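Have a look at the structure below before the remarks.
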Amino acid sequence: MSFQHRSEVDQLRAAVGSGGTAVLSQVLTGTGGVGKTQLAADYARTAWDSGEVDILVWISASSRAAITAGYAQAGVEVLAADPRDPEQAARAFLAWLEPKTGQKPCRWLVVLDDVSDPADMRDWWPPTSPQGRVLVTTRRREAALTGAERRLVTVGLFTPQEAAAYFTAVLAAHDRHEPINQINDLASDLGYLPLALAQAAAYIIDDAITCADYRQRLADRFRKLADLLPEPSGLPDNQATTMAATWSLSIERADQLRPAGLARPMLQLTAMLDPNGIPSGFLASAPALNHLTLHRMPGEQPPAPVMAEEAAGALQALHRLNLIDHIPDAPYATVRVHQLIQRATRDALTADQHDQLAVTAADILTAAWPAIERDTALAQALRANAAALVRTAEDALYRPAPHAVLFRIGTSLGESGQTNAARDHYAYLATSIDHRLGHVRKVRAARAVSRRG
C-alpha cells in the first residue's frame, strides 16, 4: 500500500555512511507488527536501485534449515555450486563473501528476515567485509545477536504523526477520506502499531465503513480482535497472517525458555492490568505465584510451587521475545505491554479462564494495596491498574459478590484528596451492585416460582 518513512530508515543509512566507523551488520528488533520486514525491504530496494550493491541476497530465516537453504540457493546462482549438496553450497557462498586481496571487490548485501532463534545463526553469520552489509530482522533481543561488529536497532511504534500520514495515504489511494481527528483517534486506539493500522485500513476499505464505525466496533470488548481484521485472502502488503495471529509463535517460543511453561500464564496476567505500567512486585505476589503454579505444567501433579525468581524469569522470557518491555529500573512501571497484545491474549481465553484471571488480578491488587497510602506513586499505580482491570473485566468482579478491590479504589481516591472522584466512584458502585444483585434476586425468584409451579 504505502511505505511510511521513519526515523529507523535514517538510522540504517547513517550506520553505513560514516566512513571508517561504519557499522555494516545491523539487527532490527521489535515486537511482531512494528514493520521490521518493511523497513528491511525498503533498505534493500534502495541499496539495489541506487547501485550501491552488486549482489543482494534475501533469506527468510525462520529456521536453521531455511537459512542453510537460502545460502545454498545463493551459492548455486552466484557460484554454480552443486545443488545436490546444500550444506556445501551454502558454505561455499559464505567463503566467497570473505574479503580477498588481489580480487576485484564485490559489494554485497545479505538480508536475514525473521530470525526466530539466535542459535539458528551459529556459524551462519556472513563474514565481516568492508564491501559487505548484513541486515537481520528478528523479534528476539538476546546478547547473542549483537556484538562488536553488530548493532541492535530497536524498531518501535509509529509516532502519532507517522501513523496519521500512513493511514491518510492508504485511504487516499482508494479514494477514501476521513476527518483527521477520527484518524488520530483510531491510531491511538490501535496503539500506533503499523500492522494494526494496515489491517484496520484494509477492513475499513473492504467493508465500506468509516473510522468512527471501526472505532465503535473496536471499543466493543465482546468482539474478538480477529473479527475486526480482513479475511486472510484480503490481507494488505503481502502480509501472511492477521494481527490476531502475529504473536502466537512468539508466545510459544517464550514459553519454551527458562523457566519453561511460565511465559504464557504470566502474559495472561499482564493482559488484565495496565498496559502502561505494572510494578513487577505485583506479579511476584502470592496470588500471582499461585496462578503461575497452577498453570506451570498441565498434567504435573502436584505442580511445584513457583518462586519469585521464576516469576522474574518469565517476565524476562517475554521481554526477550519483545512481547513485553521489562524495565527493572522503573519501580512502578516495570512491565509494559501493548494493548493489542493484551487483547489478543484475552481473546484466546475461555469465558471461565477470563473471569478467573480477573479475580486473580483483583486479588493481586488487593494484596499489594497498603492499609495507609504513604507512597503516592504506588497508590497511583494501583489505581491505574485497578481501572484497567475494571475496563477489561468488570462483570467478573461482581461474581459471586463485589470484590474488595472495587471498594479499595474509592478509598484510595478519597485518601489522595480526590473527594469528587471518590464520591462519583461510590455512587457508580452502589448503582452497579443494586443492578447486578437485583438481577440475581429476580432470577432466584423466577426459579423459585418455577419450582412451586
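Just so it is clear, the structure is predicted and the values come from calculations on it, not from any experiment.
Of all the heavy atoms in Ala288 and Ala284, the pair that sits closest is CB-N, 4.3 Å. Scanning both residues, Leu273 and Ala361, for their nearest heavy atoms gives CD2-CB, 4.1 Å. The heavy-atom pair separating Glu310 from Pro305 by the smallest distance is OE1-O, 3.7 Å. Pairing each heavy atom of Pro287 with each of Ile364, the nearest pair is CB-CG1, 3.7 Å. For Arg253 against Ser116, the heavy-atom pair with the smallest separation is NH2-OG, 3.2 Å. Closest heavy-atom contact between Arg264 and Glu252: NH2-CG, 3.7 Å.
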Chi angles and distances behind the side chain to side chain contact (heavy atoms under 4.5 Å, CB included) call for His295, Gln353
CA-CA 11 Å; His295 296 85; Gln353 289 172 331; 6.0 Å; no

Should Ile55 and Val110 be marked as a side chain to side chain contact (heavy atoms under 4.5 Å, CB included) after you check the CA-CA gap, both sets of side-chain angles, and the distance that decides it?
CA-CA 8 Å; Ile55 298 291; Val110 173; over 6 Å; no

CA sep, side-chain torsions, deciding dist, call: Asp54, Gln131, side chain to side chain contact (heavy atoms under 4.5 Å, CB included)
CA-CA 10 Å; Asp54 305 307; Gln131 283 80 44; over 6 Å; no

Applying side chain to side chain contact (heavy atoms under 4.5 Å, CB included), run through Leu269 and Leu357 and close with a yes or a no.
CA-CA 7 Å; Leu269 272 183; Leu357 270 167; 3.8 Å; yes

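Residues Thr146 and Arg141 fail the side-chain proximity criterion, which asks for heavy atoms closer than 4.5 Å. Taking 4.5 Å as the limit, every side-chain heavy atom of Leu109 sits out of range of all side-chain heavy atoms of Glu52. Using a 4.5 Å heavy-atom threshold, the side chains of Arg107 and Arg133 count as separate. The side-chain heavy atoms of Pro126 and Trp108, taken from C-beta on, include a pair separated by under 4.5 Å. By the 4.5 Å heavy-atom criterion applied to side chains, Leu382 and Tyr332 are not counted as neighbours. Pro160 places none of its side-chain heavy atoms less than 4.5 Å from the side chain of Asn184.
In terms of modelled atom types and a separation under 3.5 Å, the side chain of His291 and the main chain of Pro265 share a donor-acceptor contact. For Tyr71 (side chain) and Ile59 (main-chain N/O), no donor-acceptor pair under 3.5 Å exists by modelled atom type. Remark: side-chain polar atoms of Ser412 are not paired, donor with acceptor, to backbone N or O of Arg408 under 3.5 angstrom. Arg150 places a side-chain N or O within donor-acceptor distance of the main-chain N or O of Leu145, the cut-off being under 3.5 Å. A donor-acceptor pair under 3.5 Å is absent between the side-chain atoms of Asp237 and the main chain of Gln239, judged by distance alone. In terms of modelled atom types and a separation under 3.5 Å, the side chain of Thr293 and the main chain of Val306 share a donor-acceptor contact. Judged by distance alone, with hydrogens and angles left aside, the side-chain atoms of Asn385 form a donor-acceptor pair with the main-chain N or O of Gly277 at under 3.5 Å. Listed for the Glu373 side chain is no donor-acceptor partner under 3.5 Å among the backbone atoms of Gln380. Looking only at distances, no side-chain donor or acceptor of Gln199 sits under 3.5 Å from a matching main-chain atom of Pro236. At least one donor-acceptor pair under 3.5 Å links the side chain of Lys36 to the backbone N or O of Thr31.
The closest side-chain donor-acceptor pair between Arg151 and Gln26 falls under 3.5 angstrom. Using modelled atom types and a 3.5 Å distance limit, the side chains of Ser233 and Glu231 yield no donor-acceptor pair. Using modelled atom types and a 3.5 Å distance limit, the side chains of Asp114 and Ser62 yield no donor-acceptor pair. For the residue pair Asp213 and Thr210, a side-chain donor N or O sits within less than 3.5 Å of a side-chain acceptor on the partner.
Note: Phe158 and Tyr166 have tilted aromatic rings, judged against thresholds of 30 and 60 degrees for the angle between ring planes.
For the atom pair OG1 of Thr350 and CG of Asp355, the computed distance is 8.5 Å after rounding to the nearest 0.5 Å. Here Leu171 contributes atom CG and His177 contributes atom NE2; the two are 8.5 Å apart, rounded to the nearest 0.5 Å. Note: Asp185 CG to Ile180 CD1 = 10.0 Å, rounded to the nearest 0.5 Å. Taking CG of Leu186 as the reference point, atom CD of Glu178 lies at 9.0 Å (rounded to 0.5 Å). Residue Leu267 holds its CG atom at 7.0 Å from CD1 of Ile341, rounded to the nearest 0.5 Å. Note that CD of Glu142 and CG of Leu257 are 6.5 Å apart. Values are rounded to the nearest 0.5 Å.
Of the candidates Thr138, Thr154, Asn322, Thr29 forms a side chain to side chain donor-acceptor pair (under 3.5 Å) with just one, namely Asn322. Shown are Arg140, Arg139, Arg320; of these, the side chain to side chain donor-acceptor pair (under 3.5 Å) with Ser250 is made only by Arg139.
With Trp124 as the aromatic partner, Arg91 meets the cation-pi criteria of under 6.0 angstrom to the ring centre and within 45 degrees of the ring axis.
Listed by chain and number, the residues in a side-chain contact (heavy atoms from CB on, under 4.5 Å) with Ala143 amount to none (sequence neighbours excluded).
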